[in-house]
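Working notes, beginning with the structure itself.
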2 protein chains.
Amino acid sequence: MADLARTPRQIGTIIQRTRKKRGWTQSDLAARAGLRQATISTIETAETPAKLDTILAVLAALDLEFQIAPRSLGDNADIEDLF
Amino acid sequence: MADLARTPRQIGTIIQRTRKKRGWTQSDLAARAGLRQATISTIETAETPAKLDTILAVLAALDLEFQIAPRSLGDNADIEDLF
DNA sequence: TCGCGATATACACCACAGCGTATATTTACA
DNA sequence: TGTAAATATACGCTGTGGTGTATATCGCGA
């Protein structure tokens, strides 16, 4: 089930949760994503909003991906199109 | 149905498609997102990877949102967890 | 085809994310 | 409790994305 991600904070939380689920340290994830441990730290705590490609790299390293969906309809939004 | 968004280019395409569906110009979208028309242009053409909060602002203006889901399982990924 | 709205580009400037390096500080476990 | 691993911070530097202003180019309807 896809997690909602409207803010950098929510994104950071999801990344951290998934990383721990994989049993990886921040350094592990950093190495796989081609980043520094410190960068993972700032992303997870959402200290500063990251760059899009940085987040995409982290998600890829975690075997995750973004999806884009209509907001107002909730998760089970399967409505064909928003007019 | 949620669109997959693994690259800045895919994200730009989805944003453009949704904007046109709304019947908005780049200037319209820019105004609603607190950005410039030129910025919308570079995002849609994926000329340069944007910042995360910029993309989030554009998505919000379009009443869209990110979701985060496992990559390898396709869209109907409802599997409990990928630990 | 003409003209105007829509989109793409240009240039100087500023803000800031991520880097390298390094060190606090916290957490977990023997 | 002590200590090593894991995480959070620090500092100067660099690359670059977004801004303001402005213009060039494209596309489409009359």
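Taking the salt bridge (Lys or Arg N to Asp or Glu O under 4.0 Å) definition, one finds that B:Arg36 meets it with nothing, sequence neighbours left out. Legend: residues meeting side-chain contact (heavy atoms from CB on, under 4.5 Å) with A:Leu56, ordered by chain and number and at least two apart, are A:Leu52, A:Phe66, B:Pro8. Remark: A:Arg9 pairs with no residue by the salt bridge (Lys or Arg N to Asp or Glu O under 4.0 Å) rule, at least two apart or across chains.
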Output side-chain donor-acceptor pairs under 3.5 Å for residues 23-34 of chain A, partner residues at least two apart or in another chain, one line each.
from	atom 1	to	atom 2	distance (Å)
A:Thr25	OG1	A:Ser27	N	3.3
A:Thr25	OG1	A:Asp28	N	3.0
A:Thr25	OG1	A:Asp28	OD2	3.2
A:Gln26	OE1	A:Gln37	NE2	3.0
A:Gln26	NE2	A:Glu44	OE1	3.2
A:Asp28	OD2	A:Thr25	N	3.0

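Separating the CG atom in A:Asp3 from the OG1 atom in A:Thr13 is a distance of 10.0 Å, to the nearest 0.5 Å. The CG atom of A:Leu4 sits 7.5 Å away from the CD1 atom of A:Ile14 when rounded to the nearest 0.5 Å. For the atom pair A:Arg19 CZ and A:Leu64 CG, the distance stands at 13.0 Å (nearest 0.5 Å). Between the CD atom of B:Gln67 and the CD atom of A:Glu65 there is a distance of 11.0 Å, given to the nearest 0.5 Å. Distance check: A:Ile55 CD1 to A:Ile43 CD1 gives 4.5 Å after rounding to the nearest 0.5 Å.
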Pairwise N/O distances under 3.5 Å, protein to nucleotides 25-30 of chain C:
none

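Electrostatic pairing of B:Asp63 and B:Arg22 does not count as a salt bridge here, judged by no charged N lying under 4.0 Å from a carboxylate O.
The side-chain hydrogen bond (donor to acceptor under 3.5 Å, both in side chains) contacts involving residues 45-60 of chain A comprise nothing, where partners must be two or more places apart or lie in separate chains.
Only B:Gly34, B:Leu35, B:Arg36, listed by number, bring a heavy atom of residues 29-36 of chain B to less than 4.0 angstrom from any atom of DNA chain D. Using a 4.0 Å cutoff on non-hydrogen atoms, the parts of residues 41-56 of chain B near DNA chain C are B:Ser41, B:Thr45, B:Glu47, ordered by number.
Counting only distance, with no hydrogens or angles, the side chain of B:Gln16 and the backbone of B:Gly12 share no donor-acceptor pair below 3.5 Å.
The interatomic distance linking B:Gln26 (CD) with C:dA8 (C1') rounds to 8 Å, in whole Å. We find that CD of A:Gln37 is positioned 15 Å from P of C:dT21, with the value rounded to whole Å.
In summary, contact between chain B and DNA chain D, defined as any nucleotide atom under 4.0 Å from a heavy atom of the protein, begins and ends at D:dG17 to D:dT21 in the 5' to 3' direction.
Summary for the helix from C:dT1-D:dA30 to C:dA30-D:dT1: the axes at its two ends, each from 5 pairs, differ by 60° when rounded to the nearest 10 degrees.
Looking at heavy atoms from C-beta onward, A:Thr18 lies out of side-chain contact with A:Lys20 at the 4.5 angstrom threshold.
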